[in-house]
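See structure below.
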Amino acid sequence: MLEPLSRKFQKDPNAFEQGILEEWESRNLLKATLEARANAAPFVFYEGPPTANGRPGIHHVLGRTLKDTICRFQTMRGKRVLRKAGWDTHGLPVELEVEKQLGISGKPDIEKHGIGPFNEACRNSVFTYKQDWEQLSQRIGFLLDYENPYVTFHSNYVESVWFLLSRFAVNNLLYRGHKVLPWCGRCGTGLSSHEVGLGYKDINDPSVWVSLPLIDGKGELEGASLVVWTTTPWTLPSNMGACVNASFEYVVVEHNGGRFVLLENKVAELFAEGEWEIVSRMMGEELVGHSYHPLFEYEGGDTVHEGEHRQVVVADDYVTDVDGTGIVHLAPYGADDFRIANREGIQAVLAVGDEARFLCPVAQVSEGTFFSDANKALSRDLKERGRLLKLSQCTHSYPHCWRCDTPLIYFPAPAWFLKTSSYKKEMIEENKRIRWAPSEIGEGRFGEWLENNIDWALSRDRYWGTPLPVWVCDCNEDHWHCISSFEELGELSGGLEDSFDPHRPCVDEISFPCNHSECSGSMSRVPQVIDCWFDSGAMPFAQYHWPFDNRETVAEQFPADFIAEGLDQTRGWFYTLHAISVFLTKVDQDLWKSGELLGKPLPRLAEGSAYRSVMVNGLLLDKDGQKMSKRLGNIVVPGNAIEKHGADAIRWSLLSGGAAHLSRRFDDKAVSEVRRRVLGTLLASYDFFALYARTEAWNPTDCELPEVSSRPALDRWILSRATACASQCVEAFDALEPARALRSLEGFIVDELSNWYIRRNRRRFWNSDDSESQATAFATLWEVLRATVRMTAPVAPFLSDSIWTQLSQNDESVHYQEFPSPDGIRDIPLEGAMDPILRASSLGRSVRERVQIRVRQPLGKLIVHVAGESSLGASPRAYTDSLIQELNVKEVEWVDGTPDFLQVRAKPNYPRLGKRAGKKMKALAASISEMNRETLFALQGGSTTTLVVEGVEFEISGEDISMETLEVEGLEATTDGVVTIGLETTLTEELISEGLAREIVNRVQALRRDSGFDVSDRIQLQLGGSVQVEKAAQEHRDWISSEVLAPEGIKVASEKTQGAQEYELPENEALWILATRLPAEVN
RNA sequence: GGGCCAGUAGCUCAGUUGGUUAGAGCGUCCGCCUGAUAAGCGGGAGGUCAGAGGUUCAAAUCCUCUUUGGCCCA
């Protein structure tokens, strides 16, 4: 019992933790934890679903540790924390992976292969690395319910998503439109931004300046033309309008008898010097509303956006003065252009279709011409008609299809949208109620994103995803319907097969008659699937198959109290969760009106966002601050690091290294340091306790723990500090700032518990002469250690649990104990009184260093003065013994008041006086520092004095100044401004003799250790040496023998015994020792 | 181009509402202790708080600009 743990941990942390993992597994820790909290209030956590078709890296360890730590902490605060795992399984990355596997590429290939087999391959591929994820999570101690995860491709999940989509449709927030995408005309497909990035190439393009003659120009604008610039002449036939920036100033210039409108600083690029002059200036807004003659007249084309206007001037901030003329030609082949056309009601007609070829003849370009081949002919035509002002060539980087190398176009593809912009106000409002850590992300990045919200382009022309549950009539495409459940689909289509799978292609085959009156058409599904971000954003509902099942559970488990993901999720999961939940709970009022749905009660869900607080973590870089990437080969494989250091050290180091939201470096050395300095110290402290509890047979169960009030000041101090630490941890964890909690814990464990409390109290643990003090020491340390491991448990779950089990001597895990109460016993005056003691110790060591007298050499007297001692709530003098031991002095003299030998000076209390004195503060500070000691003394005694500074009187009281001690006359002294000490450095005969006695003990102890004796082994001791040494040994023989456990006393002999160890002591003194272990019966 | 964040000791980072001499760990130099012993502790040295300007009696902290780096979006 009370086994030592330190060496086992330091030697092989991995094996150490594996043992604890087995324990947890055998008793199913997560289940046990939830059972222990069966009736507790919930703390709701949502797991952001990872994609399991990639290996987890060390940065996932960061995210998972943050989640786990907060969840464990809340569990220990008495909450019931369900932890349902989840998997994000749909989407393009899966498809690309499978294309690679099957050795095919592109949509035509996939359709040739067959959507059915392709999706089957996707389904099999998504869990390629599931094992890796589960094992890693389990190994780092991330408690997660992997037995009942939510999986986005499961039928139930898909059905919930359909239901949510149908609610958008019912509210008229689902609509058909166009989305401008990077598009390959040859493959007939849109590309993701990732794919676009794969295919940039430098090409040569024409650069044309074209005139747009105004139809209705008046005054200076009469007969004037707008000038636009483009490198894509093929888009000019599809010109919809011209866009200016309302706040720019434009000029009208005359050139060769014509008038042209553009930005002043662009004129020189167009016309030669001296051939133009400025006629007039006007703001962009004055141009808005004019119309101009179209560039090309032709029949045909594909109208993709109906509108009342064509060829008009509009304004938008997206127009810059960097490229072009400050007037932008709008064509449907641009996302901004499309947005503006939408807003302004401008008709959009495509001259170039989805195969990137002309749909109709335009000028000298024939139907079917590939877009890039039309540039020359179009330019020529414009030139002939006098509309081309300038033509040159430019080389620039242009995207190409990474599969077939064809130049891409930006193309408005048919798409389905969610009208999120219609409830932007609600989303912004609800965002203000979310607690963001750090807050800037919520106000800044996320807030900004919501302010600029545009409708959600929901559909994807792909295969492996949740099919968009929209069925359209073949007679009239305005007859469409969004399905809300499998049951509804079954009823409409005459029943679903048992093997029904809501994925493509199965779902594509289902059709039913159009139910619009007097329509005899047949409804079939649109080909698209949906953005997989909608899947993950739907998880608060879909993870429980709401509203078809678990309505009560969702009502309790919505919204989340806490989520935590990386910064890159701001526009990802954080947004989709928010957008869907705000819509469902706040915008969709109809859903909740009746209080029931499908004939069963529907509990109202809390109105608002899906989460109340969110913790954002930054990127994890390598030790040199480089982004980890396969290319650089600097990816840290979590397994290796864990094997070396164990998970606790990694968890601790990841959480303590700076604010969570900043990008941080993963540094192996930092992990070692944490392991040694923090975890090592905690274990050593426990081992110390265990060692003496064993030898002295102390057991918490068979003794009565003494009243705290009756314990020594130092014991009450450490208990109070433990409470202080608990209160800081609770505050920091609640604020989602684990790094702050860990700083408190590190300081408490290393400085306060180990380096001060244990170090100053060691003797009490083996001194059974004072059994009361010993029992109290054991009780205090036991209690403090138990509190400490409960505080470290959320961060270092393994180590903490193993120490806890030892201390408790039972099987109960630390992980469902209560976190130490922040409202426990606290004695703040006592804590304050310790501060001068720590300062005095430090000063004392500094003086000893200066005068070169080692601590082992006792000194006579230490004089201590504490400025403002009387204002401390408790007297530091209660700790006099600690100071005597720490600095090895015979006595401590506490100085009252400000005696003559102490030089003092006053410093102004700036925060107090600064407000009163204002500009005169500097002068006032000067006169305060000149006040004499009598005045200061009087002020401290409670009287006041008046200082006149620059003609103004200031009444100064004791509170307006603080006293600073400078030095002590006649002694080796030093001060830190608050505490001043003087050290008597005279060495008397007795002190020297005692110093030597300590040297002797020191050498004997070293010899004991080197000889491999146990700490409680008794020995027989012979020694001798130089005259002074022998004299000291004689004088202190009793003390020495008790210190080194030589019950038979020591034998001082002038003749050196054979086999004795020789030593050279300071001041050229000589010593020899012979120590032998006494037989066991003596021990 | 826009937004957000960061720049403090050789390295990694703290630094509360502006207020006394800007702190800690690692590293380095010097030393100590050891009945926690394959540990531990202390003391020094080391900083123009990225740069410039401003507000203020007082700025690492507030404001403006510049600069470097990161992330997100165009």
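Just so it is clear: chains get the letters A, B, ... in the order the sequence lines come, proteins before strands, and each one is counted from 1.
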(Q) Under 4.0 Å, counting only non-hydrogen atoms across every strand here, what does D687(A) touch: a base, just sugar-phosphate, or nothing? (A) nothing
Q | Complement of A6(B), any strand, by Watson-Crick or G-U distances under 3.5 angstrom | A | U68(B)
Q.
Pairing check on G1(B): which nucleotide meets the Watson-Crick or G-U wobble criteria with it, both distances under 3.5 Å?
A. C73(B)
Q. Given G35(B), A74(B), C41(B), which nucleotide is nearest the side-chain atoms of D336(A)?
A. A74(B)
Q | P gap between G51(B) and C29(B), integer Å | A | 30 Å
Q. How are the rings of Y575(A) and W449(A) set to each other: parallel, tilted or perpendicular (split at 30° and 60°)?
A. perpendicular
Q. Looking at A457(A) and K179(A), what are the two nearest heavy atoms and their distance?
A. CB-CD, 3.3 Å
Q: Figure out the CD/C1' separation between Q1005(A) and A39(B), and round it to whole Å.
A: 16 Å
Q | G23(B) to G15(B) separation - P atoms, rounded to the nearest Å | A | 15 Å
Q. Across the strands shown, which category fits R740(A) at heavy-atom distances under 4.0 angstrom: base, sugar-phosphate, nothing?
A. nothing
Q) With rounding to whole Å, what would you report as the distance between U56(B) and A60(B) at their C1' atoms? A) 16 Å
Q: Could you check how far CZ of R675(A) sits from C1' of U12(B), rounded to whole Å?
A: 19 Å
Q: Could you work out which one of A36(B), C32(B), G19(B) sits closest to the side chain of R854(A)?
A: C32(B)
Q. For the pair made of CG in N1002(A) and C1' in G35(B), what is the distance, rounded to whole Å?
A. 13 Å
Q | Gap between atoms OH and C1', on Y686(A) and G40(B) respectively (whole Å) | A | 20 Å
Q. Have E994(A) and W1039(A) got a donor and an acceptor in their side chains that come within less than 3.5 Å?
A. no
Q. Out of U20(B), G40(B), G43(B), which has the shortest distance to the side chain of Y910(A)?
A. U20(B)
Q.
Heavy atoms from C-beta onward define the side chain here; which of G35(B), C33(B), A36(B) lies closest to that of S754(A)?
A. A36(B)
Q: Using the C1' atom on both, measure A59(B) against C71(B) and round to a whole Å.
A: 29 Å
Q: Using a heavy-atom cut-off of under 4.0 Å over every strand shown, decide if F765(A) touches base, sugar-phosphate, or nothing.
A: nothing
Q | R676(A), nearest nucleotide to its side chain (from C26(B), A36(B), C33(B)) | A | C26(B)
Q. Which of parallel (below 30°), tilted (30 to 60°) and perpendicular (above 60°) describes F765(A) and Y692(A)?
A. tilted
**Q.** Base-pairing assignment for A36(B) (Watson-Crick or G-U wobble, both under 3.5 Å)
**A.** none
Q.
Under 4.0 Å, counting only non-hydrogen atoms across every strand here, what does S685(A) touch: a base, just sugar-phosphate, or nothing?
A. base
Q. If you check every side-chain atom of R856(A), which of A36(B), G43(B), C33(B) has the closest atom?
A. C33(B)
Q) Hey, does A670(A) reach any base, or is it just sugar-phosphate, or nothing, if we go heavy atoms under 4.0 Å? A) nothing
Q) Does any donor atom in the side chain of R760(A) or S882(A) lie under 3.5 Å from an acceptor atom in the other side chain? A) no
Q: Starting from C1' on C72(B), measure out to CG on N617(A) and report it in whole angstrom.
A: 15 Å
(Q) If I pick the C1' atom on C57(B) and the same atom on U66(B), what distance separates them, to the nearest angstrom? (A) 29 Å
Q: To the nearest Å, give me how far apart CH2 (W756(A)) and P (A36(B)) are.
A: 17 Å
(Q) Determine whether the aromatic ring of W766(A) stacks with the base of G35(B), defined as ring centroids separated by less than 5.5 Å and ring planes inclined by less than 30°. (A) yes
Q) Quantified in whole Å, what is the P atom distance between nucleotide A58(B) and nucleotide G54(B)? A) 12 Å
Q | Integer angstrom distance from the C1' of G25(B) to that of U20(B) | A | 25 Å
**Q.** NZ (K424(A)) with more than 12 external heavy atoms under 6.0 Å
**A.** yes
Q: Can you tell me the distance, in whole Å, between the CG atom of N453(A) and the P atom of G3(B)?
A: 19 Å
Q: Please tell me which of E696(A) and P908(A) maps to the more 5' nucleotide of RNA chain B, matching each residue to the nucleotide holding its nearest heavy atom.
A: P908(A)
Q: Name the residue closer to the 5' end of RNA chain B, choosing between L843(A) and L753(A) according to the nucleotide with the nearest heavy atom.
A: L753(A)
Q | For C41(B), the Watson-Crick or wobble counterpart (both distances under 3.5 Å) | A | G31(B)
Q: Between C57(B), G44(B), A36(B), spot the one nearest the side chain of R762(A), thanks.
A: A36(B)
Q.
Using a 4.0 Å heavy-atom cut-off, does E1043(A) contact any base of the nucleic acid, only the sugar-phosphate backbone, or nothing at all?
A. base
Q) Parallel, tilted or perpendicular: which describes the rings of F446(A) and W436(A), with under 30° parallel and over 60° perpendicular? A) tilted
Q. In whole angstrom, what separates W533(A)'s CH2 from C72(B)'s P?
A. 12 Å
Q. On a whole-Å scale, what distance lies between the P atoms belonging to C5(B) and G47(B)?
A. 31 Å
Q) Would you say the base of A36(B) and the side-chain of S6(A) have a donor-acceptor pair closer than 3.5 Å? A) no
Q. What nucleotide, of A38(B), G35(B), C32(B), holds the atom closest to the side chain of V855(A)?
A. C32(B)
Q) Hey, which of R856(A), R1003(A), Q857(A), R854(A) is the one that makes side-chain contact (heavy atoms from CB on, under 4.5 Å) with R998(A)? A) R856(A)
Q: Can you figure out which of A36(B), C41(B), C26(B) approaches the side chain of R677(A) most closely?
A: C26(B)
